[in-house]
Each structure stands twice: as C-alpha cells, then as structure tokens.
Undergrad: 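Before I ask anything, let me first share the structure, which is written out below as structure tokens.
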Amino acid sequence: MATPLTADRLLKALRDEGLEVHEYRDWRTHNRNSKGPWGPVNGVMIHHTVTKGTDSSVELCYEGHAALPGPLCHGVIDKAGAVHMVGHGRANHAGLGDSDVLRAVVDESALPPDNEADTDGNRHFYGFECINLGDGEDPWPEAQKLAIEKVSAAICRAHGWTQRSVIGHLEWQPGKIDPRGFTMDSIRGRIAKRLDAKPDGPASKPPATYEPFPGADFFRSGRVSKIITAMGKRLVAEGCGRYEEGPSPDWTEADRKSYAAWQRELGYSGDDADGIPGKTSWDKLRVPNV
C-alpha cells in the first residue's frame, strides 16, 4: 500500500524513465475525488481504448461520456509511445473488481481468477489507456509496448513495487478483455527486466536551432516576421501598456489613421481597427506559436 504520487513526482518518474510525456489541459486537478477516496494505491492497470486517433482518444479519456464522466484514466499511451496525462486522483477506469486479485497485487503473488466484482478498483490503481481498437487485429507497435513497459516500471520504481503490481483490466474485472493483442505476462516480464536496470533518464530533446540575425536586412520593407507580428498583436491587445481609457490628449487624427492602418495590417477589423490603442479581445488574436 502506498500514498499516491503527487502530480509532480508522477511526471518526474515517467520522464526519468525516458518517456515523452504531454500534459493535457488541467490534468493535475482533473479527477473524481468527490465520488470517493483516491488511495492507498496498490498497482498499475493497463487498458485499451477501443478507439483510434490520438487527439480524439485523449479528449475522450479526459472528458468521458454521458454514461461515465472523465477522467477515464490517468494517462493515454498513443501508438508512437507518447504519454498524454489527462487526470490525477480518482479516475473512472477500473470499476468494481475481485478482492482476491487486489490481495494478490498487494502481496505481489500469483493472480487468482477474477470471478467477483466486489471491490472498488478506482481507489487502488493507476490507470493507463492504450490507443487500440481491441479487435485482435489492430497492431501494437513496439514503441507503444515499450511505453507501456516504461510507464509501469516508472510507477513501480517510485513505489518500490515489483512487476507483479501491474495487471490488465481483464485480470481485475470479470468479463473484460483489455488489453487485447498481447499477454500481461509478457509485459510483466519486460517490466521485471527494466526494474533490474537503472532508468533511461529523461528523453533527449533535439538541440534548439536559431536562424542567424540578418542585420539591417531583417527590417527591409515588405518583410513578414511571425515573431514581430506576434509582438505587434500582443502590444495592440494590451494597449501598449500605456492607455487605460484611450490615447493621450496629443494623439492626433493623423496618429489615429496611421495606427488604424497598422491594426488592419495585423488582421484586425471593425471596432478593433479604430486607430485607438486599448484593450482588444485576446480570443480574437491568432498569434503563431513562436
């Protein structure tokens, strides 16, 4: 038994294992804690999504659906092996399962058949959904299986557990088949080998590349720069940090017309291109990710 990892510790454990991890929306505070306790935690549970497509699968696991509110897991493992964090705390992924299975997980012993549904699993397990149709035909790329191995090992390593603390949904709740396409024994074997070695360390990032500054040519007439455009839009949106109720008394009509032309050049129209510095709706801006 263990106290759940904080969001920061969980994120660090996953990244220290060499995983690519993405934080989705407000995952750190997205949970079902109002419906029941989260913890003590005893293991990791692996699922498949019965969906395809990363973006839609991640959104579904975050939002849930009419019959089952999200989050539907703590993280989503995509086909390329990236992990998308969608919740932290109690999540609707395990449901009711077999108390004998939970006891075996706690004892880290061989699993008995799951023939009862008498124990709240959402309280006791970290859950990871893996993007797969679950039809027995949709392939499991090696990168995805490696990520399942690493996710499980990272959490086991953080809690001091062995590979026997990792189970599939099909080993917990009668009638479930996920994950379908590989055996949990094969994954546990991989996890055991990984736990015998040191973690891979944070995934390396490609070195940042910068264009050399072109000098005066950078400001030549007609040049379009995403960075300068983004700066300009931010300055317009914030009123250049000088005006709260409008321009100063020495703001001339010529100034207004010139400023309005610049606003239109940046893509504004209507009231947002009136030639008067001031607040505009940030939601209307389309600032490049620079």
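Keep in mind that what you see is a predicted model, and the values were worked out from it rather than measured.
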Undergrad: Check whether any side-chain heavy atom of Val101 lies under 4.5 Å from a side-chain heavy atom of Trp172, and answer yes or no.
TA: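 Val101 reaches Trp172 side chain to side chain.
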Undergrad: Indicate yes or no: does Arg194 engage Glu17 in a salt bridge with an N to O separation below 4.0 Å.
TA: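 Between Glu17 and Arg194 there is a salt bridge, with a charged N closer than 4.0 Å to a carboxylate O.
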Undergrad: Quick one, Leu11 and Val21 - any side-chain contact, counting heavy atoms below 4.5 Å?
TA: yes
Undergrad: Asp200 versus Lys150: any side-chain heavy-atom pair under 4.5 Å?
TA: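 In contact.
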Undergrad: Working to the nearest 0.5 Å, report the span between CD of Glu129 and OG of Ser57.
TA: 9.0 Å
Undergrad: Salt bridge or not between Asp120 and Arg123? Use side-chain N to carboxylate O under 4.0 Å.
TA: no
Undergrad: If Ile, Leu, Val, Met, Phe, Trp and Tyr residues are connected whenever their side-chain heavy atoms lie under 4.5 Å apart, and connections chain through other members, are Val76 and Ile187 in the same group?
TA: no
Undergrad: Do Glu20 and His22 get their side chains close enough for a donor-acceptor pair, meaning under 3.5 Å?
TA: yes
Undergrad: Indicate yes or no: does Glu171 engage Arg188 in a salt bridge with an N to O separation below 4.0 Å.
TA: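 Between Arg188 and Glu171 there is a salt bridge, with a charged N closer than 4.0 Å to a carboxylate O.
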Undergrad: Let me check something: do Val83 and Leu72 share a hydrophobic cluster, defined by ILVMFWY side-chain heavy atoms less than 4.5 Å apart, either directly or through other members?
TA: no
Undergrad: Look at the rings of His93 and His74 and say which category their plane angle falls in: under 30° parallel, 30 to 60° tilted, over 60° perpendicular.
TA: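 Correct class here is perpendicular.
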Undergrad: Quick check on the hydrophobic clustering: are Met184 and Ile191 connected, directly or via other members, by side-chain heavy-atom contacts under 4.5 Å?
TA: yes
Undergrad: Between Val50 and Phe182, is there shared hydrophobic-cluster membership here, with clusters defined by ILVMFWY side-chain heavy atoms closer than 4.5 Å?
TA: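 No, because Val50 and Phe182 fall into different hydrophobic clusters, even though each may have its own neighbours under 4.5 Å.
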Undergrad: Is the distance between the ring centroids of His48 and His169 less than 6.0 Å?
TA: no
Undergrad: Is Glu142 paired with Arg190 through a side-chain N to carboxylate O contact shorter than 4.0 Å?
TA: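 Counted as a salt bridge, because a side-chain N and a carboxylate O are separated by less than 4.0 Å.
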Undergrad: When rounded to the nearest 0.5 angstrom, what is the spacing between CG in Asn122 and CG in Asn31?
TA: 11.5 Å
Undergrad: Thinking salt bridges, do Arg28 and Glu23 make one under a 4.0 Å N-O criterion?
TA: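 Looking at Glu23 together with Arg28, the answer is yes, because their closest N to O distance falls below 4.0 Å.
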Undergrad: In this structure, would Leu146 and Phe128 fall into the same cluster of hydrophobic residues linked by side-chain contacts under 4.5 Å?
TA: no
Undergrad: Taking side chain to side chain contact (heavy atoms under 4.5 Å, CB included) as the criterion, tell me which of Val41, Ile46, Val166, Val105 meets it with Phe125.
TA: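 Considering Val41, Ile46, Val166, Val105, a side chain to side chain contact (heavy atoms under 4.5 Å, CB included) with Phe125 is found only for Val105.
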Undergrad: Given side chains that start at C-beta, do those of Leu195 and Cys156 come closer than 4.5 Å, heavy atoms only?
TA: yes
Undergrad: Do the ring planes of His88 and Trp38 sit parallel (below 30°), tilted (30 to 60°) or perpendicular (above 60°)?
TA: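 Taking Trp38 first and then His88, their aromatic rings stand perpendicular (interplane angle over 60°).
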Undergrad: For residues Leu10 and Met85, determine if any side-chain heavy atom of one lies less than 4.5 Å from a side-chain heavy atom of the other.
TA: yes
Undergrad: With a 4.5 Å cut-off on side-chain heavy atoms, are Ile77 and Ile148 touching?
TA: yes
Undergrad: So, do His30 and Tyr62 have ring centers that fall under 6.0 Å from each other?
TA: yes
Undergrad: Do Thr49 and Cys130 have side chains that get closer than 4.5 Å, going by heavy atoms?
TA: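 With C-beta onward as the side chain, the pair stays apart.
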Undergrad: Do Leu102 and His124 have side chains that approach each other closer than 4.5 Å (heavy atoms only, starting at C-beta)?
TA: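 Counting from C-beta outward, Leu102 and His124 do come under 4.5 Å.
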Undergrad: Look at Glu59 together with Arg25 and state whether they make a salt bridge at an N to O cut-off of under 4.0 Å.
TA: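 Not counted as a salt bridge, because no side-chain N and carboxylate O are separated by less than 4.0 Å.
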